[in-house]
Amino acid sequence: MDQDVIVVGAGVIGLLSAYRLAQAGKSVLLLESAAVGSEASWAGGGIVSPLYPWRYSPAVTALAHWSQDFYPQLGQRLLAETGVDPEVHVTGLYWLDLDDEAQALAWAERHGRPLRSVPMSEVHEAVPSLGGGYSRAVYMPGVANVRNPRLLRALREALQRLPNVRVVEQCPVTGFVRDGGRIVGVQTAQGERRADQVVVAAGAWSGELLATLGLEVPVKPMKGQMILFKCAEDFLPSMVLAERRYAIPRRDGHILVGSTLEDVGFDKVPTEEALQSLKATAIELLPALAGAQVVRHWAGLRPGSPDGVPYIGAVSGFDGLWLNCGHFRNGLVLAPASCQLLTDLMLGREPVVDPAPYAPTGRIV
Ligand SMILES: Cc1cc2nc3c(=O)[nH]c(=O)nc-3n(C[C@H](O)[C@H](O)[C@H](O)COP(=O)(O)OP(=O)(O)OC[C@H]3O[C@@H](n4cnc5c(N)ncnc54)[C@H](O)[C@@H]3O)c2cc1C
């Protein structure tokens, strides 16, 4: 049976794109080469903010702000529909010893986001587990983290409840089906599948897949490793971040510490070197973790792109082909706005944000 839309890749971007398109009345076939939600979207930390939001372009900020405001509703809606709680956990975030604090404060003022300098005595009172080696802090109270593996499970269950969505796992897409200048489907290990429109949401693999059409889309894997601890529920009340490394508390006392940024192709084997380095970070941030067990260590492949600006929109010269990929370090926070924008564009609706900065046209060869 043919469908309106094929979505390639079931990470957060493919799942949420399928959910939005299906809610808008489209019939959707979601094809996943491995298991739903088992790659970067599972491996990420789930901070619902770019790590240093003021260092990004207005394009990333526009998607981030829309998504941040939308996340609580998304969490509640998925919980109500599926019984799975994505745990949108508002903890606030402390940035420690920033060297561009003035820029951060000016950016926040411009965007109307509450960010303030906090004396260290106040930080230690609020986060008693924090290490002693820091001299300055800024705090943003509204920042949340989402329990991304639960978010993925909730999205999967929400899709299973929709009659106009089919999800097929273990089904790698190997190429596209063309009819003149149009893309009319995909080739898979299990044969051809046809649809009026095809969305590539294949994360770090998107560049490789689009190369089969002769397109050069600079989306490439950027490895990241994380470690996990289990502590008392009140061990860490807020997220803390210093020198590009962070600790994230889940509601049940799990603490994630990340992450590395490695340009090593599609290798996602966790390394001893990263384990030691992340442990050292953990102890520096939260000295009591010196006595705690690392309960898990993993790696994932971020979909790296120039300046972290995703590709969202139609590909000119290939009618019927759409991209939603290249979210780099921020795919979890950017997902709601990115998938809403894609759906708006595909349905010819007024777009939720100005689509120009993300348009593939002019950015790919
Ligand atoms: C260590 C780490 C920490 C991170 N922390 C954060 C954070 O705190 N906040 C944040 O916002 N972001 C974070 N990220 C980034 C975020 O995880 C990614 O940007 C996001 O998950 C990308 O989602 P995606 O759906 O594009 O990719 P993925 O989740 O990788 O999904 C792509 C899917 O496509 C499938 N696929 C690939 N090729 C094919 C094919 N040919 N046919 C069929 N299916 C295919 C893959 O199997 C995969 O399931 C982090 C990432 C890492 C690795």
Side-chain angles (χ1 to χ4, degrees), residues 6-18 29-51 53 60 63-64 67-68 71 93 143-149 151-152 155 167-176 186-190 193 198-212 219 221-228 239 241 245-246 248 256-262 266 268 270 274 278 297-305 308 310-312 323-336 338-339:
I6 290 173
V7 176
V8 182
V12 69
I13 300 296
L15 288 162
L16 197 50
S17 297
L29 174 62
L30 176 57
L31 299 176
E32 165 55 47
S33 59
V36 165
S38 59
E39 293 291 348
S41 302
W42 181 91
I47 304 177
V48 184
S49 170
L51 283 191
V60 171
L63 295 177
S67 295
Q68 285 171 329
Y71 247 106
L93 171 53
V143 187
N145 69 80
V146 62
R147 194 158 186 171
N148 37 310
L151 172 68
L152 297 164
L155 282 169
V167 180
V168 182
E169 295 178 292
Q170 312 300 333
C171 185
V173 169
T174 52
F176 298 87
V186 296
Q187 284 150 358
T188 79
Q190 300 160 20
R193 297 282 186 274
V198 173
V199 177
V200 174
W205 295 265
S206 301
E208 222 183 28
L209 180 59
L210 290 161
T212 63
V219 174
M222 292 296 280
K223 182 177 181 179
Q225 302 192 45
M226 306 264 294
I227 57 175
L228 181 71
M239 294 182 279
L241 193 160
R245 295 271 176 98
Y246 49 80
I248 306 170
L256 290 91
V257 176
S259 61
T260 64
L261 182 65
E262 303 162 67
F266 286 99
K268 55 167 196 169
L278 290 168
H297 170 208
W298 65 85
L301 300 174
R302 307 175 182 92
S305 59
Y311 296 89
I312 306 169
L323 305 188
N324 197 1
C325 60
H327 294 75
F328 205 174
R329 304 196 74 156
N330 298 309
L332 289 156
V333 52
L334 303 185
S338 301
C339 299

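One-based numbering, in listed order, for ligands and for the atoms of each.
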Consider ligand 1: state whether an atom of it lies below 4.0 angstrom from any non-hydrogen atom of P172. yes

Measuring from non-hydrogen atoms of Y246 to any atom of ligand 1, is the shortest distance under 4.0 Å? yes

Is W298 reaching over with its side chain to a backbone N or O of A43, donor-acceptor style, under 3.5 angstrom? yes

Does L332 reach ligand 1 with a nitrogen or oxygen that is under 3.5 Å from one of the ligand's nitrogen or oxygen atoms? yes

Note: W42, heavy atoms under 4.0 Å from ligand 1, region reported as neither

So is L334 polar-close to ligand 1, meaning N/O to N/O under 3.5 Å? no

To check your reading of the model: name the closest protein heavy atom to atom 17 (O) of ligand 1, its residue, and the distance in Å. A40 O, 3.1 Å

Ligand 1 and S38, any nitrogen or oxygen pair closer than 3.5 angstrom? no

Regarding ligand 1, does E39 bring an N or O atom to under 3.5 Å of one of the ligand's N or O atoms? no

Hey, are E262 and T260 close enough side-chain-wise for a donor-acceptor pair under 3.5 Å? yes

G45 versus ligand 1: do any nitrogen or oxygen atoms come within less than 3.5 Å of each other? yes

What about C171: any of its N or O atoms under 3.5 Å from an N or O on ligand 1? no

Side chain, backbone, both or neither: which applies to R329 and ligand 1 if a contact is any heavy-atom pair less than 4.0 Å apart? backbone

Going by atom types alone, do R329 and S305 pair a side-chain donor with an acceptor below 3.5 Å? no

Does G46 have a heavy atom less than 4.0 Å from any atom of ligand 1? yes

Please say whether I47 places an N or O atom under 3.5 Å from an N or O atom belonging to ligand 1. yes

For ligand 1, the portion of E32 having any non-hydrogen atom under 4.0 Å away: both

For ligand 1, the portion of N145 having any non-hydrogen atom under 4.0 Å away: neither

Is there a heavy atom of P303 sitting under 4.0 angstrom from any atom of ligand 1? yes

Going by the closest heavy atom to atom 24 (P) of ligand 1, which one wins out of I13, L15, T174? I13

Counting distance only, does the side-chain N/O of N148 pair as donor-acceptor with the main-chain N or O of G44 below 3.5 Å? yes

Among L29, V36, V7, L31, side-chain contact (heavy atoms from CB on, under 4.5 Å) partner for V167: V36

Check against side-chain hydrogen bond (donor to acceptor under 3.5 Å, both in side chains), N324 and S17: CA-CA 8 Å; N324 197 1; S17 297; 3.1 Å; yes

Please check: side-chain N/O of S67 versus main-chain N/O of V333, any donor-acceptor pairing under 3.5 Å? yes

Partner of P270 by side-chain contact (heavy atoms from CB on, under 4.5 Å), out of K223, M226, H297: H297

To the nearest 0.5 Å, atom CG of N145 lies from atom CG of L256 at 8.0 Å

Holding to salt bridge (Lys or Arg N to Asp or Glu O under 4.0 Å), I want the full list of residues that pass it with E39, two or more places apart in sequence or in another chain. K268

Within residues 42-51 or reaching into it, pairs that qualify as salt bridge (Lys or Arg N to Asp or Glu O under 4.0 Å) - sequence neighbours excluded: none

Any idea which of G326, A335, G331 brings a heavy atom closest to atom 20 (C) of ligand 1? G331

Which residue and heavy atom of the protein sit nearest atom 2 (C) of ligand 1, plus the separation: G44 CA, 3.7 Å

